[in-house]
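One structure below.
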2 protein chains.
Amino acid sequence: MDTSIKKKRVRGRLSREMIEDAAFEVIEKEGLAGFSMRKLAAALGCEAMSIYHHFPSVAHLHEALVDRLIGALEMPDAGLPWRQRMRIAIEDFRRIGRDHPAYATFFVTYRMNSPICLAWLNGILSLFRDGGFDTELSARLFRAVGYYLMGAVLDENAGYAKGPSAVNTVSDEQLARDFPNVMAAGRFFGTAEFDKTFELGLDMLLDEMERLRDGADAGQLSGKA
Amino acid sequence: MDTSIKKKRVRGRLSREMIEDAAFEVIEKEGLAGFSMRKLAAALGCEAMSIYHHFPSVAHLHEALVDRLIGALEMPDAGLPWRQRMRIAIEDFRRIGRDHPAYATFFVTYRMNSPICLAWLNGILSLFRDGGFDTELSARLFRAVGYYLMGAVLDENAGYAKGPSAVNTVSDEQLARDFPNVMAAGRFFGTAEFDKTFELGLDMLLDEMERLRDGADAGQLSGKA
DNA sequence: AAAATGAACCTTACAGTGTAAGTTGTCAAG
DNA sequence: CTTGACAACTTACACTGTAAGGTTCATTTT
């Protein structure tokens, strides 16, 4: 007979929301690669298979996490100036990465096909349309700005500033000797510089979009390569 | 005694280069997630552990793969106009994603600290300096342009156009009814539109950089948010 | 109150992963 | 022919997601 003390287990405790909350915690604590159903279960005080009652697979769970993050976003006030609306929407997305750094790499790579994500996407496309662009230019500008945003989120959370991942590390002396430009630039690659750098690129894109809208398309854009 | 026929095995066959070649093949065939040391070994006709004689870990192997791709890049001819040099360097990087679509997500996420990658990075930073920017602006513009490039490579190889990854798929009817902007924009999200969209965003950034260099910094860049 | 139902959870098991440790096969130098 | 070194293999371990089936318990029905 088993005389070991068994933690009294209150059934019916688990819920999708609880599991999602715990998942975010485990991911941020253990890293995205360190996340597993068993660790998640441990954090919840249950067995791994119990989670499958609420989510049929890890893929379903991950989709729910993305949906939660995207679903929490709301479109900027339509009464604000366009440039400001665009800026707010972009910063909102960027903030997700800031709040969930370990999850960012997954998040950015994720293909958003769920209804919740499509609804957000639809709203963002509306925002581009409100800028005065036709369907084609709205679509292309959305993607171009999205590229910038995705790359930024990725780098800010998993990039150069997060320390070496390479196996062959390079000493500071070698860096200074062989790669002086990297050495000099490194000062502006740190976390403290993220905002300023991001703003610079974002303003460049916003400026160009306003220029495009104001009919400056006879300018360099169609110029030589 | 074992009388089973054993494939005669020629020892001493393996080399780092062979393993890297096979790794690229396996990754593109099986996908990045489907890659494993055992599958790589099978492709090579050897056992998984034999690979460890040439690469101490998968991380080392991955680093070698990234090094090979980056190491193959060369800086654009310094005699060309600056804008064209920049464009070539950017397109060279982008082509890596095109040639190794399945590897792109890893590639873009990878933190480049190896000597080979640092050398490339150092050269690119030189290119920005050649554009007439000081250390700080070179560093920030490199990052901003890099964000755009990273995001593009990511999306072009693992993004929306590559089909649904979501578990809750949405029917075409629902898409047309509930997300008309997505439906309309979808036409410009396909693979065939990648080049044109990428060029649009790239030209926007190049235009802004030339404007910055030509001392137009009294313009909107420092304007209201 | 007793029985039945079904959701919620657990146990076990399997095929897969990276890789540490130890063993065998092969070839070249002495 | 022996020895040594190295390349490749074998085995084993701790981990992963999850399929299959068993157990427990709250609720509902009789």
Side-chain angles (χ1 to χ4, degrees), chain A residues 1-2 4-23 26-27 29-65 102-103 105-106 110 165-167, chain B residues 1-23 26-27 29-66 102-103 105-106 110 165-167:
Chain A
M1 57 211 61
D2 185 8
S4 69
I5 297 171
K6 257 193 178 169
K7 204 193 322 182
K8 185 146 187 201
R9 203 159 278 303
V10 186
R11 296 207 166 220
R13 252 168 1 103
L14 256 43
S15 71
R16 286 177 65 100
E17 201 187 358
M18 283 173 55
I19 294 171
E20 290 166 16
D21 289 342
V26 172
I27 287 170
K29 196 183 299 174
E30 307 283 333
L32 189 56
F35 173 82
S36 79
M37 293 300 256
R38 284 178 172 86
K39 282 181 190 163
L40 175 56
L44 284 163
C46 71
E47 296 299 315
M49 291 310 291
S50 304
I51 299 164
Y52 282 80
H53 191 82
H54 302 268
F55 296 96
S57 74
V58 264
H60 284 78
L61 174 55
H62 271 128
E63 172 154 308
L65 297 184
Y103 199 53
T105 55
F106 180 88
Y110 190 76
S165 82
V167 183
Chain B
M1 56 209 62
D2 185 8
T3 58
S4 70
I5 297 172
K6 258 192 178 169
K7 203 193 321 182
K8 184 145 188 202
R9 202 160 279 300
V10 186
R11 295 205 168 220
R13 260 171 350 109
L14 258 42
S15 72
R16 284 177 66 100
E17 201 187 358
M18 283 173 55
I19 294 171
E20 290 166 16
D21 289 342
V26 172
I27 287 170
K29 196 184 297 174
E30 306 283 333
L32 189 55
F35 173 82
S36 78
M37 293 300 256
R38 285 176 172 86
K39 281 182 191 163
L40 175 56
L44 285 163
C46 71
E47 294 300 314
M49 290 312 291
S50 304
I51 299 164
Y52 282 81
H53 191 81
H54 302 268
F55 295 96
S57 74
V58 265
H60 284 78
L61 174 54
H62 271 128
E63 173 154 307
L65 296 185
V66 172
Y103 199 54
T105 55
F106 179 88
Y110 189 76
S165 82
V167 183

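Just so we're clear, the structure is a prediction, and the values are computed from it rather than from any experiment. Naming convention: chains lettered A, B, ... in sequence-line order (proteins, then strands); numbering from 1 in each chain. Computed from heavy atoms alone, side chains included, the values below leave out hydrogens, waters and symmetry copies.
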Revision key, fill the gap. When rounded to whole Å, the CD1 to C1' distance for the pair A:Ile51 and C:dT11 reads 15 Å

Review point. Of all the choices, D:dA8, D:dC9, C:dG18, which nucleotide is nearest to the side chain of B:Cys46 once you look at every atom?
Key: D:dC9

Exercise for review: Under the side chain to side chain contact (heavy atoms under 4.5 Å, CB included) rule, what do A:Leu61 and A:Phe35 come out as? Steps first, then yes or no, please.
Suggested key: CA-CA 12 Å; A:Leu61 174 55; A:Phe35 173 82; 4.0 Å; yes

Exercise for review: With rounding to the nearest 0.5 Å, note down the distance linking OG in B:Ser57 to CD1 in B:Ile51.
Suggested key: 12.0 Å

Review point. Would a 4.5 Å heavy-atom cut-off, applied to side chains only, mark A:Tyr103 and A:His62 as touching?
Key: yes

Check your understanding: Which whole-number value in Å describes the distance from A:Glu47 CD to C:dC10 C1'?
Key -> 6 Å

Practice item. Side chain of B:Met49 only, please: which of C:dC10, D:dC9, C:dT17 is the nearest? Key: D:dC9

Point to revise | Euclidean distance, atom NE2 of residue A:His62 to atom C1' of D:dG17 [Å, nearest integer] | key: 12 Å

**Study point:** d(CG, B:Leu32; P, C:dT17) in whole Å
**Key:** 14 Å

Point to revise | Spacing of B:Met37 atom CE relative to D:dA14 atom P, expressed in whole Å | key: 21 Å

Exercise for review: Measure from the side chain of A:Ala48, starting at C-beta and using heavy atoms only, and say which of D:dT18, C:dT17, D:dT16 lies closest.
Suggested key: D:dT18

Point to revise | Side chains of A:His53 and A:Ser50, donor plus acceptor under 3.5 Å | key: no

Review point. Between the base of C:dG18 and the side chain of B:Arg38, is there a donor-acceptor distance below 3.5 Å?
Key: yes

Review point. Within this structure, what is the OH-to-P distance between A:Tyr52 and D:dG17, rounded to whole angstrom?
Key: 6 Å

Practice item. Send over the distance from B:Leu44 CG to D:dC9 P, rounded to a whole Å. Key: 10 Å

Point to revise | A:Phe35 vs B:Ser50, nearer the 5' end of DNA chain D by closest nucleotide | key: B:Ser50

Practice item. May I ask you to test the A:Phe55-A:Glu63 pair for a side-chain heavy-atom distance under 4.5 Å? Key: no

Review point. Atom CZ of A:Phe55 and atom C1' of D:dT18: how far apart are they, to the nearest Å?
Key: 16 Å

Review point. Any side-chain N or O of A:His53 under 4.0 Å from OP1/OP2 of C:dC10?
Key: no

Exercise for review: Look at the side-chain N and O atoms of A:His54 and state whether any lies under 4.0 Å from the OP1 or OP2 oxygen of C:dA7.
Suggested key: no

